[in-house]
Amino acid sequence: MQRPPFPPFNEETATQKVRMAEDAWNGRDPSKVALAYTPDSTWRNRAEFLDGRAEIEAFLTRKWNRELDYRLIKELWTFGGNRIAVRFAYEHHDDSGNWFRAYGNENWEFDENGLMRRRIASINDLPIAESDRKFRWPSGRRPDDHPGLSDLGL
């Protein structure tokens, strides 16, 4: 299986890879998102360690069952060779209606087929009021004209 663009990345292909990941995660389909990772991909997400697509899919299923009305923006931080670093923010609420904005950084490493074989994520959560939300597009892909993280001052 291949997932272009392939490393080594330049600014254009790294930016494209970041937007593709954002779009997939905003689609909230765990089985589809898991296909972007190698079968033996390893993750560190906060304090949780995952190995392989099955664990990634199970993790994403749990995540999106509890993080409701999830909206994510990713932004390229830097790149080199087969690695990309991104920063991101996402908003969601829990089943009690409490809203949160999560801020984080990810380090990604890709194989020659463009599949992510390693993901290291550090994330912090901030409770916010519903009125403080900044990500208000309809469920799914962020519209092209919606501001990114830097434009929003995040």
Side-chain angles (χ1 to χ4, degrees), residues 1-92 100-126 134-154:
M1 184 173 161
Q2 294 189 323
R3 181 79 64 147
F6 307 112
F9 298 108
N10 59 39
E11 186 168 3
E12 179 182 347
T13 59
T15 299
Q16 181 182 5
K17 201 72 154 174
V18 171
R19 183 59 192 244
M20 290 170 64
E22 175 188 314
D23 292 349
W25 281 60
N26 277 327
R28 297 187 309 241
D29 182 337
S31 60
K32 185 176 179 181
V33 171
L35 292 176
Y37 302 91
T38 62
D40 62 347
S41 184
T42 59
W43 280 26
R44 181 183 56 78
N45 193 87
R46 300 176 193 253
E48 192 166 352
F49 295 82
L50 309 173
D51 290 302
R53 282 186 185 151
E55 288 185 18
I56 291 168
E57 186 173 342
F59 168 85
L60 293 172
T61 299
R62 287 191 316 273
K63 173 183 181 64
W64 292 322
N65 281 336
R66 71 178 184 274
E67 293 181 357
L68 308 174
D69 289 320
Y70 178 95
R71 305 285 188 284
L72 165 74
I73 299 176
K74 291 184 182 282
E75 184 174 281
L76 177 66
W77 187 253
T78 192
F79 63 92
N82 68 337
R83 293 180 174 167
I84 296 174
V86 301
R87 63 189 201 93
F88 64 88
Y90 66 87
E91 295 178 349
H92 67 93
F100 301 88
R101 184 176 304 122
Y103 298 94
N105 299 291
E106 295 175 308
N107 296 314
W108 300 341
E109 183 178 85
F110 295 87
D111 72 4
E112 64 280 355
N113 295 309
L115 297 173
M116 195 182 302
R117 66 177 165 213
R118 188 173 192 197
R119 175 181 175 267
I120 302 168
S122 298
I123 307 166
N124 299 296
D125 297 304
L126 175 69
K134 295 181 182 285
F135 306 169
R136 295 184 176 270
W137 65 86
S139 181
R141 186 179 194 277
R142 175 174 54 102
D144 290 335
D145 62 350
H146 189 283
L149 294 179
S150 292
D151 299 322
L152 291 168
L154 300 175

ask   = Under 30°, 30 to 60°, or over 60°: which ring-plane class applies to Phe100 and His92, parallel, tilted or perpendicular?
value = parallel
Which atom of [X] lies closest to which atom of [Y], heavy atoms considered:
X: Ala89; Y: Phe135; value: O-CE1, 3.4 Å
X: Asn45; Y: Ala121; value: OD1-CB, 3.8 Å
X: Arg141; Y: Asp23; value: NE-OD2, 2.9 Å
X: Phe6; Y: Gly114; value: CD2-N, 3.6 Å

Partner of Glu106 by salt bridge (Lys or Arg N to Asp or Glu O under 4.0 Å), out of Arg87, Lys74, Arg46, Arg44 = Lys74
Mind checking the [atom1]-[atom2] spacing from [X] to [Y]? Nearest 0.5 Å is all I need.
X: Ser41; Y: Arg119; atom1: OG; atom2: CZ; answer: 9.0 Å
X: Leu72; Y: Phe88; atom1: CG; atom2: CZ; answer: 7.5 Å
X: Tyr37; Y: Leu60; atom1: OH; atom2: CG; answer: 7.0 Å
X: Arg142; Y: Ile73; atom1: CZ; atom2: CD1; answer: 5.0 Å
X: Arg118; Y: Asn107; atom1: CZ; atom2: CG; answer: 8.5 Å
X: Phe59; Y: Phe49; atom1: CZ; atom2: CZ; answer: 12.0 Å

inquiry  = side-chain contact (heavy atoms from CB on, under 4.5 Å), that's the test. Do Leu154 and Arg101 meet it? Break it down for me.
reply    = CA-CA 11 Å; Leu154 300 175; Arg101 184 176 304 122; 4.3 Å; yes
Would you call [X] and [Y] a side-chain contact if the rule is heavy atoms closer than 4.5 Å?
X: Val33; Y: Trp64; answer: yes
X: Leu149; Y: Lys134; answer: no
X: Asn113; Y: Gln2; answer: yes
X: Ser139; Y: Arg28; answer: yes

request  = Indicate, with yes or no, if the rings of Tyr90 and Trp25 have centres closer together than 6.0 Å.
outcome  = no
inquiry  = Testing the 3.5 Å rule here: is there a donor-acceptor pair between the side chains of Ser31 and Asp29?
reply    = yes
Is it true that a side-chain atom of [X] and a backbone atom of [Y] form a donor plus acceptor pair closer than 3.5 Å?
X: Gln16; Y: Pro5; value: no
X: Glu55; Y: Asp51; value: yes
X: Arg117; Y: Leu115; value: no

Which donor-acceptor pairs under 3.5 Å do side chains of residues 76-84 form with protein atoms, sequence neighbours excluded?
| unit_1 | atom_1 | unit_2 | atom_2 | d |
| --- | --- | --- | --- | --- |
| Asn82 | ND2 | Phe110 | O | 3.0 |
| Arg83 | NE | Glu109 | OE2 | 3.0 |
| Arg83 | NH2 | Glu109 | OE2 | 2.8 |

ask   = Charged N to carboxylate O under 4.0 angstrom, Arg62 versus Glu48?
value = yes
key: From CA spacing to verdict: side-chain contact (heavy atoms from CB on, under 4.5 Å), Lys17, Arg3   = CA-CA 9 Å; Lys17 201 72 154 174; Arg3 181 79 64 147; 3.8 Å; yes
message = Applying side-chain contact (heavy atoms from CB on, under 4.5 Å), can you list everything that pairs with Asn65, at least two apart in sequence or on another chain?
response = Thr61
